[in-house]
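Inspection log for the structure reproduced underneath, given as structure tokens.
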Amino acid sequence: MSDAKGAGLRARPLSPHLQVWRWHLTLFCSILHRATGVFLYAGAIVGATWAFSLASGPDAYGLFLVIIGSILGKLFLFGLTFSAFYHLANGIRHLAWDLGEGFEPKTADTTAAAALAFGAAATLAVWVIAALTGGL
């Protein structure tokens, strides 16, 4: 056996982590893609809660509407809307990557910015239309 200090062991490479990598748009979008995926799961739970409250009767459904109609509920729905649109756009980006396209740094940055812009623009469009038609 070797001594307690581990003499004779080879130095092993460290796994890259956020303190090693320089922040850039594609790194941010990669993390955001994962975060929006998790948020969409939370949205699925809220959707199931909506269906359960609807099936449970008018009192349960009324309570659900009060909660989802609150400021925090609307903020959640706004985030869910952005998550759906951004995750869609970035998923298309990933499909292009699966075909071996779009890996050049400039192309990756451009498509990342486009996915963010699409997510923001589509979210704003949906919420403006909802506000104009009385859906809020």
Side-chain angles (χ1 to χ4, degrees):
M1 290 258 186
S2 62
D3 64 349
K5 292 187 180 182
L9 295 177
R10 292 187 304 164
R12 296 173 42 165
L14 297 176
S15 176
H17 47 80
L18 294 179
Q19 288 81 17
V20 173
W21 290 102
R22 179 182 56 86
W23 277 90
H24 50 88
L25 188 58
T26 53
L27 174 65
F28 172 74
C29 285
S30 176
I31 294 168
L32 185 61
H33 187 74
R34 288 170 176 83
T36 56
V38 170
F39 203 73
L40 289 171
Y41 274 105
I45 292 170
V46 170
T49 304
W50 167 79
F52 183 74
S53 71
L54 188 61
S56 297
D59 291 338
Y61 185 63
L63 177 61
F64 178 84
L65 289 179
V66 167
I67 293 169
I68 208 71
S70 70
I71 296 294
L72 285 177
K74 288 181 182 178
L75 185 62
F76 177 84
L77 290 175
F78 187 84
L80 188 61
T81 308
F82 175 78
S83 292
F85 284 125
Y86 173 74
H87 206 79
L88 170 69
N90 207 49
I92 293 169
R93 206 171 149 235
H94 277 265
L95 285 175
W97 288 352
D98 289 344
L99 297 173
E101 300 295 326
F103 288 114
E104 299 80 20
K106 284 186 179 183
T107 305
D109 285 343
T110 301
T111 57
L116 283 168
F118 173 77
T123 299
L124 289 175
V126 164
W127 280 78
V128 166
I129 290 169
L132 292 175
T133 59
L136 296 179

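Residues take their numbers from the sequence shown, with the count starting at 1. Just the heavy atoms: all of them, side chains too, but no hydrogens, waters or symmetry mates, feed the values below. Small disclaimer: the values here were computed from a predicted structure and weren't measured.
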message = For residues Leu54 and Ile67: do they belong to one hydrophobic cluster (side chain heavy atoms under 4.5 Å, members Ile, Leu, Val, Met, Phe, Trp, Tyr)?
response = no

request  = Sorted by first residue and then second, give each side-chain hydrogen bond (donor to acceptor under 3.5 Å, both in side chains) pair with at least one member in residues 34-46; sequence neighbours left out.
outcome  = Ser30-Arg34, Thr36-His87

query = Around atom CZ of Phe28, are there more than 12 heavy atoms of other residues, nucleotides or ligands at under 6.0 Å?
reply = no

inquiry  = Please determine whether residues Leu63 and Leu65 belong to a single hydrophobic cluster, defined as Ile, Leu, Val, Met, Phe, Trp and Tyr linked transitively by side-chain heavy-atom distances below 4.5 Å.
reply    = no

Contacts of type ring pair (Phe, Tyr, Trp, His ring centres under 6.0 Å), residue His94, not counting sequence neighbours = His33, Trp97

Please set out all donor-acceptor pairs under 3.5 angstrom arising from side-chain atoms of residues 123-136, sequence neighbours excluded.
{"residue": "Thr123", "atom": "OG1", "partner": "Phe82", "partner atom": "N", "Å": "3.3"}
{"residue": "Thr123", "atom": "OG1", "partner": "Gly119", "partner atom": "O", "Å": "2.6"}
{"residue": "Trp127", "atom": "NE1", "partner": "Thr81", "partner atom": "OG1", "Å": "3.1"}
{"residue": "Thr133", "atom": "OG1", "partner": "Ile129", "partner atom": "O", "Å": "2.8"}
{"residue": "Thr133", "atom": "OG1", "partner": "Ala130", "partner atom": "O", "Å": "3.4"}

Co-membership, hydrophobic cluster, residues Leu40 and Val46, 4.5 Å side-chain = yes

ask   = Are any of the side-chain heavy atoms of Thr111 and Glu101 separated by less than 4.5 Å?
value = no

message = Tell me whether Ile71 at atom CD1 has more than 12 heavy atoms from other residues, nucleotides or ligands lying less than 6.0 Å away.
response = no

inquiry  = Strictly by side-chain hydrogen bond (donor to acceptor under 3.5 Å, both in side chains), give each pair with a member in residues 54-65 just once, sequence neighbours left out.
reply    = none

ask   = Just how far is it from atom CG of Leu32 to atom CG of Leu25, taken to the nearest 0.5 Å?
value = 10.0 Å

Fellow cluster residues of Leu95, listed by chain then number, with links counted only when side-chain atoms sit under 4.5 Å apart = none

request  = Establish whether Phe85 and Phe39 are linked, either directly or via other cluster members, by ILVMFWY side-chain heavy-atom contacts under 4.5 Å.
outcome  = yes

query = Who are the ring pair (Phe, Tyr, Trp, His ring centres under 6.0 Å) partners of Phe52, not counting sequence neighbours?
reply = none

ask   = Atom CG of Asn90 and atom SG of Cys29: how far apart are they, to the nearest 0.5 Å?
value = 6.0 Å

query = Rounded to the nearest 0.5 Å, how far does CH2 of Trp50 lie from CD1 of Ile68?
reply = 11.5 Å

